[in-house]
There are 2 protein chains.
Amino acid sequence: MRKYGNGKFKLTPQRIAILDYLDGNRSHPSAEDIYKSVLKRFPTMSFATVYNTLDALRKSGDILELTIDPEKKRFDPDTKLHHHLICIKCKSIVDIHRKFSLNITSKEVGGFEIVGNHIEFYGICPKCRKQS
Amino acid sequence: MRKYGNGKFKLTPQRIAILDYLDGNRSHPSAEDIYKSVLKRFPTMSFATVYNTLDALRKSGDILELTIDPEKKRFDPDTKLHHHLICIKCKSIVDIHRKFSLNITSKEVGGFEIVGNHIEFYGICPKCRKQS
DNA sequence: TTATCATATTAGAATAATTCTTGTCAAGTA
DNA sequence: TACTTGACAAGAATTATTCTAATATGATAA
């Protein structure tokens, strides 16, 4: 498993279970998804622990918090720069690992100091296309 | 004022007040922003009316619901294709009215039918740059 | 190994945004 | 005028998330 937490990140069984679930996970799970999954191994697991752990991981830069879904936050253990393709019907999300050149002029940014970008592609996934 | 609602959208005084507030508004207001503003003219205004009106306008395609802000939804009366530049400190949002060519191959989209895209540029706004 | 200490865990309460419910009201229409 | 439809308002309900306070535990140093 990949290394998480920079330095003072205490590895508890609960956290290991959360990390196990996140590691390599491409489903962009919500806090509830994570909670439900980890609950199987830790019946006493609390939502607070999930949120605390996710917050610690976010602060150490080990996961990203996605604001793509209006209903809830989703989390992504892939912190390499990438973009997302979102199904507007079932809200599934897939990664687009590619760079796009977005040349934006200093005039356009109006004094902002640009630090990053993120592209959301909207579409209808194969499964949902079949159903309609 | 611009025309809102496609057909059967009953123009009531409350709705007109909401539309007045939205019309040409570039601040990407939240439901609360709208509520607070309209409350001045309509002290009996209910949150439900704000949400109902916003929902009707969204369904008729007259406004966009932005999921940029993890705390709350924001609304944008500008439905022309455009992108956003977001200050990571104060969360202010400004529009980028320009097309970017995002050529994405059918292989990359894995069977998705693409219907649109949206670019979020992240940065630090002039005001926040001064403060730090 | 054991004692200590900072930090993690837990349950549940609190909060905040949003949605739902229900009764009332008003505009338009037969 | 009576009817119908949809809008309004108030507040309850819901959902995601954060906070609180008491307890437990992992990491470290003796």
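Numbers restart at 1 for each chain; the letters A, B, ... are given by sequence-line order, proteins then strands.
Mapping Thr53(B) and Glu71(B) onto DNA chain D by nearest heavy atom places Thr53(B) at the nucleotide closer to the 5' end.
Residues Arg98(A) and Glu108(B) are paired through a salt bridge, judged by an N-O separation under 4.0 Å between the basic side chain and the carboxylate.
A donor and an acceptor atom, one from each side chain of His83(A) and Asp95(A), are nowhere located under 3.5 Å apart. Side-chain polar atoms of His97(B) and Asp78(B) form a donor-acceptor pair below 3.5 angstrom.
The phosphate of dA8(C) has neither OP1 nor OP2 within less than 4.0 Å of any side-chain N or O from Thr49(A). The phosphate of dT19(C) has OP1 or OP2 within less than 4.0 Å of a side-chain N or O from Lys73(B). OP1 or OP2 of dA9(D) has at least one side-chain nitrogen or oxygen of Thr44(B) nearer than 4.0 Å. Within the structure, every side-chain polar atom (N or O) of Arg15(A) is placed at least 4.0 Å from both OP1 and OP2 of dT7(C).
Per the geometry, CG belonging to Leu39(B) stands 12 Å off C1' belonging to dA9(D), to the nearest Å. Arg74(B) has its CZ atom 12 Å from the P atom of dA17(C), to the nearest Å. Between Gln14(A) atom CD and dT7(C) atom P there is a gap of 18 Å when expressed in whole angstrom units. Between Tyr51(B) atom OH and dA17(C) atom P there is a gap of 7 Å when expressed in whole angstrom units. A straight line from OH of Tyr35(B) to C1' of dT19(C) spans 16 Å, rounded to a whole angstrom. As a whole-Å value, the separation of Leu11(B) CG from dC8(D) C1' is 15 Å. The interatomic distance linking Met45(A) (CE) with dT9(C) (P) rounds to 7 Å, in whole Å. If you measure from atom NZ of Lys72(A) to atom C1' of dA17(C), you get 15 Å, rounded to the nearest angstrom.
Listed nucleotides dA10(D), dA8(C), dG12(C) differ in distance to Ala48(A); the shortest reach to its side chain belongs to dG12(C). Counting only heavy atoms from C-beta on, Ser46(A) has its side chain closest to dT10(C) among dA10(D), dA8(C), dT10(C).
Proximity of a side-chain donor or acceptor of Ser37(B) to a complementary backbone N or O of Asp33(B) within less than 3.5 Å is not detected. Within the 3.5 Å criterion, the main-chain N or O of Lys10(A) finds a donor-acceptor partner in the side chain of Arg15(A).
Counting non-hydrogen atoms under 4.0 angstrom, Thr12(B) reaches the backbone sugars and phosphates but no base. No contact: Asn52(B) has no heavy atom under 4.0 Å from any strand.
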